[in-house]
K.L.:
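Pasting in a structure now, in structure tokens, and then I'll have a few things to ask.
Protein chains get the first letters and strands the later ones, always in sequence-line order, with residue 1 at the start of each.
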Amino acid sequence: MPPRKKRKTAAPATSNSKEISKPIISNTVIGPKYECWLMKSEPESRYENGIDVKFGIEDLINEPNQTACWDGVRNYQARNFMRDQMKEGQLAFFYHSNCRPPGIAGIIKIVKEGYVDHTQYDSKDPHYDRTSTKENPRWYMVDVQFVRKTKRFIPLSELKDMYMKHKQIDGPLSNVALFTRARLSVQPLTSEEFDFILSLEEAAE
DNA sequence: GCCAACGTTGGC
DNA sequence: GCCAACGTTGGC
């Protein structure tokens with residue numbers, strides 16, 4: 001199951017009180033601080049169990065309030081980021097995957113923190129999980145809202161060139177999850193990584 | 001459509 | 001808890 005997403009929602013913002021099991025940052029080992037994100041979604045039609053999982057940035061723009069729940073993520077690391085670490089107001093890149101060309105299309109923000117992904121209980125949903133129970137939900141999602149498109153599409157190829165370069169010189173993208181954990185559909189970015197990538201939208205390549 | 005990388009499952 | 005088999009992601 002693909003961590004792809006979406007459709008529906010536009011949840012009014014009762015901020016959720018649930019989830020108390022927060023992360024607790026054991027800073028015994030100090031890792032990078034993640035306050036920004038990259039979220040992948042497929043902008044082109046693809047059918048899973050007969051249902052189109054297409055959800056590109058234009059689809060988000062067309063949602064009520066330009067807001068959608070990021071349902072359908074079925075990977076534990078990605079879930080943990082959404083459930084435990086994403087905070088309201090944080091920014092994320094909207095990344096187009098499984099298309100040509102792949103890359104960053106826009107910026108979104110987290111408008112509702114982690115809560116139970118209802119699609120896990122829906123037997124008709126492509127991401128139905130028959131083993132998850134209401135008493136002990138397995139999958140979580142957040143709500144995101146469109147902020148803006150990037151001034152230009154920032155292709156993966158360009159990010160990869162930067163990554164390769166930065167690995168040599170220990171530049172800002174030398175550890176970026178997009179390449180060090182390529183298959184994760186919800187990825188963390190440090191502010192430095194986020195800002196560097198954002199600065200690329202100005203450049204003419 | 002191919003397939004490398006990597007996550008998950010389940011036997012032992 | 002190991003690890004082989006299998007499934008998925010997603011670039012190309």
Side-chain angles (χ1 to χ4, degrees), chain A residues 1-7 23 31-32 34 36-60 68-86 92-108 114 116-117 119-133 136-142 144 149-150 152-167 173-189 193-194 196-197 200-201 205:
Chain A
M1 3 41 212
R4 286 194 169 54
K5 247 56 338 20
K6 248 80 327 6
R7 74 177 125 51
Y34 296 121
C36 304
W37 308 96
L38 180 147
M39 302 174 78
K40 298 179 182 175
S41 193
E42 301 186 27
E44 294 174 4
S45 286
R46 188 171 63 81
Y47 291 85
E48 267 181 67
N49 300 341
I51 294 173
D52 193 356
V53 296
K54 165 186 187 298
F55 193 78
I57 197 154
E58 297 300 335
D59 298 300
L60 177 60
C69 58
W70 208 260
D71 63 279
V73 172
R74 297 293 182 266
N75 168 280
Y76 291 107
Q77 282 188 61
R79 175 203 68 182
N80 292 348
F81 285 131
M82 291 198 294
R83 187 188 61 182
D84 305 333
Q85 292 190 242
M86 282 188 173
F93 288 122
F94 192 110
Y95 178 92
H96 281 173
S97 69
N98 214 1
C99 61
R100 264 200 249 224
I104 291 170
I107 298 171
I108 56 183
V116 173
D117 178 349
T119 65
Q120 68 197 296
Y121 305 120
D122 178 358
S123 62
K124 289 180 279 301
D125 190 277
H127 306 113
Y128 174 57
D129 183 352
R130 62 189 307 159
T131 67
S132 181
T133 65
N136 190 18
R138 178 167 300 147
W139 305 113
Y140 287 75
M141 62 188 181
V142 296
V144 303
K149 289 192 189 180
T150 43
R152 66 184 179 94
F153 183 80
I154 303 172
L156 178 66
S157 57
E158 185 178 340
L159 295 167
K160 181 142 197 193
D161 289 346
M162 287 292 177
Y163 166 67
M164 297 300 214
K165 208 171 302 178
H166 288 192
K167 267 204 302 186
L173 294 191
S174 49
N175 291 302
V176 74
L178 192 56
F179 303 106
T180 59
R181 302 148 89 178
R183 295 177 50 199
L184 251 195
S185 69
V186 174
Q187 312 189 343
L189 264 62
E193 290 167 343
F194 186 89
F196 180 84
I197 292 170
L200 297 175
E201 70 177 349
E205 182 157 4

K.L.:
Return the minimal non-hydrogen interatomic distance between A:A92 and A:L38, and the atom names on each side.
P.N.:
CB-N, 4.5 Å
K.L.:
Counting only side-chain N and O atoms of A:K40, is one of them less than 4.0 Å from OP1 or OP2 of C:dT9?
P.N.:
no
K.L.:
Whole Å only: how far is the CD atom of A:E42 from the P atom of C:dT9?
P.N.:
8 Å
K.L.:
Verify, without hydrogens or angle tests, whether A:R152 (side chain) and A:L200 (backbone) share a donor-acceptor contact under 3.5 angstrom.
P.N.:
yes
K.L.:
Write down the distance between CG (A:L156) and P (C:dT9), rounded to a whole number of angstrom.
P.N.:
17 Å
K.L.:
Given atom CZ of A:R46 and atom C1' of C:dG10, what is their separation to the nearest angstrom?
P.N.:
9 Å
K.L.:
Round to a whole Å and report the spacing from NE2 of A:H96 to P of C:dG11.
P.N.:
12 Å
K.L.:
Regarding A:D52 and A:S45, do their side chains bring together a donor and an acceptor under 3.5 Å, going by distance alone?
P.N.:
yes
K.L.:
How bent is the helix from B:dG1-C:dC12 to B:dC12-C:dG1, measuring the angle between the end axes built from five pairs each, rounded to 10°?
P.N.:
10°
K.L.:
Dump every N/O contact between nucleotides 3-6 of chain B and the protein below 3.5 Å, one line per pair.
P.N.:
from: B:dA5; atom 1: N3; to: A:R183; atom 2: NH1; distance (Å): 3.3
from: B:dC6; atom 1: O4'; to: A:R183; atom 2: NH1; distance (Å): 2.9
from: B:dC6; atom 1: N1; to: A:R183; atom 2: NH1; distance (Å): 3.4
from: B:dC6; atom 1: O2; to: A:R183; atom 2: NH1; distance (Å): 2.1

K.L.:
Suppose we call two aromatic rings close when their centres sit under 6.0 Å apart. Are A:W70 and A:F94 close by that rule?
P.N.:
yes
K.L.:
Considering all heavy atoms of both residues, which atom of A:H96 and which atom of A:A105 are nearest to each other, and what is their separation?
P.N.:
CE1-CB, 3.7 Å
K.L.:
So, A:S132 versus A:R74: side-chain donor-acceptor pair below 3.5 Å or not?
P.N.:
no
K.L.:
Which residue lies toward the 5' end of DNA chain B, A:Q77 or A:R100, if each is placed at its nearest nucleotide?
P.N.:
A:R100
K.L.:
Rounded off to whole Å, could you give me the CD1-to-P distance for the A:I104 and C:dG11 pair?
P.N.:
12 Å
K.L.:
A:F81: what forms a ring pair (Phe, Tyr, Trp, His ring centres under 6.0 Å) with it, not counting sequence neighbours?
P.N.:
A:W37
K.L.:
Look at A:Y95 and C:dT9 and indicate whether a side-chain polar atom (N or O) is within less than 4.0 Å of OP1 or OP2.
P.N.:
no
K.L.:
Using atom CE of A:M164 as one end and atom P of C:dG11 as the other, report the distance to the nearest whole Å.
P.N.:
14 Å
K.L.:
Can you check the A:L178 CG to C:dG11 C1' distance for me, whole Å?
P.N.:
11 Å
K.L.:
Does a side-chain N-to-carboxylate-O contact under 4.0 Å join A:E201 and A:K149?
P.N.:
no
K.L.:
Could you tell me the separation between the CD atom of A:E44 and the P atom of C:dT9, rounded to a whole number of Å?
P.N.:
16 Å
K.L.:
Is the closest basic N to carboxylate O distance between A:E48 and A:R46 below 4.0 Å?
P.N.:
yes
